[in-house]
Amino acid sequence: MPHTIPTVTLAWLLFTSTLWGQLAVFGDLYLNGNTQLHIAFDQTYFSGGKLRTDPTPSADAVLSFGPQSKWEQLKSDSYVVGKVRIYHEGTFTFPIGSEDRFSPITFEVFQNTGFIQTQYTETPPALLTQFEVPFTPPLYHYWSWEITGEAIARLRAYWTEQHRLDRLSFDPIDPTELQLGLYVNSTWQFVLGHHSSNPFLPDLPLSIANGSILLLEPIPLETAKGLSFTVPKTHPALTEKIVSQVITPNNDGIHDGWKIKGYVFTPESIIKIYNLAGSLVFQHQGEYANDWEGTAASNGERLPQGSYYYTLDLDGNHLVDVEGWILIKYR
C-alpha cells in the first residue's frame, strides 16, 4: 500500500456506538506512521476488510485494546495485518494475520507491568543455529512480540489448512508431533505444548490441517522474541528411501542380501514376502539388518529364482506402509 495515505484512512466505513459499547469495522482501515488507534469498547466486530498498520521499520503504527475489550470475527478474511497491543492481564487473543492468512495467537497473561505488542509474519527470522534436540528449525510462520516492563504469559498458537504445516517434513506428520520453538538470543529452543482442535473451526477435529497448541508452562516474555512451529527429526529430511528390487545370492559379495534404506524399523515392524501363488515364504519381525538372502522361512533353503511380492508394516499396526516386487536371480 502506498505510504502517501494520511495518518488514518478509512477506505469504506468505521461504525461506532457508545450506546451499546460496540465497534464494527466494515471495510479497510490503514494506520500510518506513528499512530495508535485504541479501542475501549466492550466488543469489536471484524465484519469485512482488514485493518493494516504501517509496515515500514521507522513506523510505530499499532492497534490497541482496552482491558474489557473483546473482538469477534464475523468474516474469515477480516482481521488485523500488523501490530496489536494490550496493556492488561488476563486472556486475550490477538486478531492478527498476513494479507491472505488469519493467524491469531492467544496470550494468557499472568503479569504485565507495561504493554505486550504482537504481530505475525509468514517466515521466521534468519536461523543462526539449530536445535540441540532432534527437532527441525522452524521454516514457516512466526509470531513475534515486544514488551515494556515485565510480562509473564502462556501462549496458544493456531493453524489451519492455509498454513500448510505438512511442508515441515517430507514424511506424513501426526498432529501430536507438532511442537513449538521459542526464538531466544538468535537461537531456537524447543518447548512442549498441549494439542487440541482449533476453536475457530469447531466442526473440524485435530489434524495437521487444523488445530492448536497451548504451551504447558508460562514463560517470561522478555526471555524470548517469538515462536514458531517445529516437528521432530523422525527421518532425515533428505534421506533417500530405497528397497532393492533385485538380489543375486551367489556369495560373490554383490547384491547377495536384500537391502532397505531410509525407512525406520522398530521392534514391532513386520516384513512379509509372498511367492506368485500368494503363499507366505518369508516373515521377519523387528529391526531389519539388510541380511535376507532369498531363503525360505520354513527350511532356510534358497527360494526358486523368480519374482516375489513384499510388504512392510513399519509400525506393526497390521497396515501396509510399503509394498512392491523383488526379483531373486542366480547368476
Side-chain angles (χ1 to χ4, degrees), residues 1-15 23-39 44-65 71-86 92-107 116-127 138-146 155-168 180-181 183 198-201 204 208-213 225-229:
M1 179 175 291
H3 296 151
T4 57
I5 301 175
T7 301
V8 179
T9 298
L10 283 74
W12 193 72
L13 175 64
L14 179 69
F15 171 77
L23 181 147
V25 178
F26 295 96
D28 290 342
L29 172 65
Y30 184 71
L31 303 182
N32 194 17
N34 298 320
T35 302
Q36 180 177 173
L37 175 60
H38 184 73
I39 296 176
T44 299
Y45 297 95
F46 287 91
S47 304
K50 293 179 174 64
L51 193 154
R52 298 175 176 85
T53 67
D54 195 332
T56 56
S58 59
D60 194 24
V62 64
L63 175 72
S64 61
F65 286 84
W71 61 269
E72 184 172 346
Q73 187 186 34
L74 299 184
K75 292 189 176 181
S76 60
D77 60 349
S78 186
Y79 46 85
V80 180
V81 180
K83 302 174 182 177
V84 175
R85 180 184 297 178
I86 61 171
F92 183 81
T93 299
F94 290 80
I96 54 179
S98 62
E99 284 291 339
D100 58 356
R101 185 179 297 117
F102 179 50
S103 301
I105 186 171
T106 296
F107 282 60
I116 301 171
Q117 180 174 298
T118 71
Q119 66 181 119
Y120 165 82
T121 54
E122 295 186 347
T123 56
L127 304 175
L139 299 173
Y140 312 100
H141 315 298
Y142 183 64
W143 292 268
S144 61
W145 54 80
E146 300 176 27
L155 311 181
R156 183 179 184 182
Y158 309 86
W159 72 89
T160 67
E161 190 173 9
Q162 289 181 312
H163 289 85
R164 288 290 315 279
L165 294 188
D166 59 297
R167 296 176 297 172
L168 291 172
L180 294 173
Y183 195 57
N198 190 330
F200 294 97
L201 300 167
L204 299 177
I208 197 60
N210 299 282
S212 67
I213 302 180
K225 297 299 182 183
L227 86 165
S228 184
F229 295 113

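Proximity of a side-chain donor or acceptor of Trp145 to a complementary backbone N or O of Leu227 within less than 3.5 Å is not detected. A donor-acceptor contact shorter than 3.5 Å is absent between the side chain of Ser78 and the backbone of Lys75.
Leu31 pairs with exactly one of Asp54, Leu51, Asp60 by the side-chain contact (heavy atoms from CB on, under 4.5 Å) rule, that one being Leu51. Results of the side-chain contact (heavy atoms from CB on, under 4.5 Å) test with Phe94 over Leu63, Thr106, Ile86 single out Ile86 as the only residue that passes. Evaluated for a ring-ring contact (aromatic ring centres under 6.0 Å, His included) with Phe229, the options Tyr158, Tyr140, Trp159 yield exactly one hit, Trp159.
In this structure, Glu72 has no salt bridge (charged side-chain N to carboxylate O under 4.0 Å, His left out) partners at least two apart in sequence or on a different chain. Qualifying side chain to side chain donor-acceptor pair (under 3.5 Å) partners for Tyr142, counting only residues two or more places apart in sequence or in other chains: none. Gln73 is linked by a side chain to side chain donor-acceptor pair (under 3.5 Å) to nothing, counting only residues two or more places apart in sequence or in another chain. The side chain to side chain contact (heavy atoms under 4.5 Å, CB included) search around Gln162 returns Arg101, Thr160, not counting sequence neighbours. Asp77 pairs by the salt bridge (charged side-chain N to carboxylate O under 4.0 Å, His left out) definition with nothing, not counting sequence neighbours. Judged as a side chain to side chain donor-acceptor pair (under 3.5 Å), and not counting sequence neighbours, the contacts of Ser212 are Arg156, Ser196.
Heavy-atom minimum distance, His163 versus Arg167: O-NH2, 3.3 Å. Shown here for Pro124 and Leu139, the closest heavy-atom pair between the two residues is CD-O, 3.4 Å. Among all heavy-atom pairs drawn from Gly82 and Ile96, the shortest one is O-CG2, 3.8 Å. Shortest non-hydrogen contact noted between Thr93 and Pro104 is CG2-CB, 3.9 Å. Here the shortest heavy-atom pairing between Lys83 and Thr53 reads N-OG1, 3.0 Å. Of all non-hydrogen atoms in Ser76 and Phe102, the two that sit nearest each other are O-CB, 4.2 Å.
Side chains of Glu146 and Arg85 form no contact here, defined as non-hydrogen atoms less than 4.5 Å apart. Using a 4.5 Å heavy-atom threshold, the side chains of Arg52 and Asp28 count as touching. The closest side-chain heavy-atom distance from Phe65 to Thr44 is below 4.5 Å. Taking 4.5 Å as the limit, every side-chain heavy atom of Tyr120 sits out of range of all side-chain heavy atoms of Val81.
Using a cut-off of 4.0 Å between Lys/Arg side-chain N and Asp/Glu carboxylate O, Glu99 and Lys50 are scored as not salt-bridged.
Few gaps surround CD on Glu122; more than 12 heavy atoms of other groups in view lie less than 6.0 Å from it.
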Original post:
Are Phe46 and Tyr79 close enough, and set up right, to give a ring pair (Phe, Tyr, Trp, His ring centres under 6.0 Å), and what steps lead you there?
Top reply: CA-CA 6 Å; Phe46 287 91; Tyr79 46 85; 8.1 Å; no
Original post:
Should Leu29 and Leu37 be marked as a side chain to side chain contact (heavy atoms under 4.5 Å, CB included) after you check the CA-CA gap, both sets of side-chain angles, and the distance that decides it?
Top reply: CA-CA 11 Å; Leu29 172 65; Leu37 175 60; 3.6 Å; yes
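One distance of note links CG of Asn210 with CG of Asn198; it measures 6.5 Å at 0.5 Å rounding. Put simply, OG on Ser144 and NZ on Lys225 are 10.0 Å apart, with the number rounded to the nearest 0.5 Å. Considering CD1 of Ile105 and CZ of Phe92, their distance stands at 12.0 Å, rounded to 0.5 Å.
A donor-acceptor pair shorter than 3.5 Å cannot be found between the side chains of Ser228 and His141.
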